[in-house]
Amino acid sequence: AERALLLAGGDVFTAPIEKGPTRILTDSSNAHDKRARWSPDGSRIAFISDRSGEEQVWVAPAADGTARQLTRDHEGPLGPLRWSPDGKTIATSDREMRILLVDAATGAYRAGQMTLEGLRESEEAACPGPGACGGQFTANTMSTALEFLGISPGGLNGIPAVDPAKEAAARRSGELV
């Protein structure tokens, strides 16, 4: 049966679209839970809670179960949550407007809900080789800025670590120093 996701009184609830019981997912009277979002497959709900003292990303099973904290060191307030289409990553932003990517799988491993093999598969899919991950995010921004300022030679920073052209790029960079 289809359910709606509700936020009230600092807690997260699900309620049936037609008939049935309302379920409280986060009964945290001393905390404020907010920005709840269904996972793409509908099995989990991610939300932000300050129950640890600072806003962090949490996830709970949509049916029943205990919510678990996925992040520990982000400084809030955190922005809206967005699941990746495959349900492996949750994106948000922090007070500095930095984009934060939370690995929902790593949190599952820490909670005993994923095998070590499953964790390794998830990590290898996210970063399949040496060097920075494909997204690069801050690294890519800094690389572009360094090229623009002329501190780093243009066109050499984006070469992947395993590319045969990387050694020549490193030598060229060294010649410029």
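Not measured: the values here are computed from a predicted model.
A60 and F47 make their closest contact through CB-CE2, 4.1 Å (heavy atoms, listed as atom of the first residue, atom of the second, distance). Summarising the geometry of G42 relative to A62, their closest heavy-atom pair is O-CB, 3.3 Å, with the distance given to 0.1 Å. What you find for P80 and R35 is that their closest heavy atoms are CG-NH1, 3.1 Å. For the residue pair R37 and W83, the shortest heavy atom distance occurs at O-NE1, 3.2 Å. P77 approaches E55 most closely through the heavy-atom pair CA-OE1, 3.1 Å. Scanning both residues, S52 and Q69, for their nearest heavy atoms gives OG-NE2, 3.6 Å.
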Please determine whether side-chain contact (heavy atoms from CB on, under 4.5 Å) holds for the pair L7 and D33, giving the CA-CA distance in whole Å, both sets of side-chain angles, and the decisive distance to 0.1 Å. CA-CA 8 Å; L7 298 165; D33 301 332; 5.6 Å; no
Run the side-chain contact (heavy atoms from CB on, under 4.5 Å) test on R68 and V59 for me, step by step, so that the C-alpha distance in whole Å, both residues' side-chain angles and the decisive distance to 0.1 Å come before the verdict. CA-CA 6 Å; R68 62 187 162 79; V59 70; 3.4 Å; yes
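Other members of the cluster containing F13 are L6, I24, with ILVMFWY side chains joined at under 4.5 Å, either directly or via other members.
A distance of 10.0 Å separates NE2 in H32 from OG1 in T26, rounded to the nearest 0.5 Å. Separation of atoms CG (L78) and CD (E54) is listed at 7.5 Å; rounding is to 0.5 Å. Taking CZ of R82 as the reference point, atom CD1 of I90 lies at 12.0 Å (rounded to 0.5 Å).
Judged by distance alone, the side chain of T89 and the main-chain N or O of S84 form no donor-acceptor pair under 3.5 Å. Using modelled atom types, one side-chain atom of R44 and one backbone atom of G87 make a donor-acceptor pair closer than 3.5 Å.
For the pair T14/W38, a side-chain contact is recorded, criterion being any heavy-atom separation below 4.5 Å from C-beta on.
The environment of CG in D41 is crowded: more than 12 heavy-atom neighbours from other residues, nucleotides or ligands sit within 6.0 Å.
Here R171 pairs with E167 in a salt bridge; the nearest charged N to carboxylate O distance falls below 4.0 Å. The pair K34-D50 fails the salt-bridge criterion, with no side-chain N (NZ, NE, NH1 or NH2) lying under 4.0 Å from an Asp/Glu carboxylate O.
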